[in-house]
Each structure stands twice: as structure tokens, then as C-alpha cells.
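What follows is a short report on a single structure.
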Amino acid sequence: MYSRPWRAVRAVDAFIALGYAGWESGQLERELRDNAWASMPVESARGVRLAVRGAWAGAWRLLGIDVDRLSPEAGHA
């Protein structure tokens with residue numbers, strides 16, 4: 001008999017995204033060190049449900065960033 005080690009989830013409890021990302025040796029570590037990724041402790045997002053449509057802005061909001069105030073222009077201070 002086949003046993004499933006995972007727990008059953010309802011469709012509303014799961015989000016599946018397909019894609020591919022590849023890094024050369026040490027690249028991800030360099031990017032994390034250079035703050036090229038926005039990251040937060042898991043505890044910050046615990047219990048937060050973001051709609052797929054608003055997930056990107058919602059994730060930034062958890063970090064205290066209002067994406068509506070971001071400029072599409074790059075510059076130097």
C-alpha cells in the first residue's frame with residue numbers, strides 16, 4: 001500500500017509556480033550578501049494570507065515598503 005508522507009491541502013492553501021533559476025557556484029551567496037534579494041524572517045509572514053494578485057505588493061508591505069512610492073527611474077544619491 002502506498003502511503004503519502006505529506007498532509008492533504010486544500011487548493012486555497014497552496015500556490016504553485018513553475019519556472020527555472022540557475023546560479024553558478026557561490027552566486028546566490030554573493031547576491032544575498034550584496035542585498036540583491038529582499039528577505040524576511042518566516043515569523044514576519046506567519047498567518048498572513050496574500051491574494052495572488054496582490055502578493056508582490058503585499059510582501060513589500062510586510063517589510064514596511066509602499067511600492068506606490070517607488071520610482072521606476074534609477075539614480076544616484
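The shown structure was predicted, so the numbers you read here are calculated from the model rather than taken from an experiment.
For CH2 of W23, the number of neighbouring non-hydrogen atoms (other residues, nucleotides, ligands) closer than 6.0 Å is greater than 12.
Here the rule is side-chain contact (heavy atoms from CB on, under 4.5 Å) with R69, and of V67, I65, D66 only D66 fits it.
Note that CD of Q27 is 10.5 Å distant from CG of L32, once rounded to the nearest 0.5 Å.
Neither L70 nor W37 shares a network with the other; the hydrophobic side chains, linked directly or stepwise wherever heavy atoms of I, L, V, M, F, W or Y lie under 4.5 Å apart, form separate groups for each.
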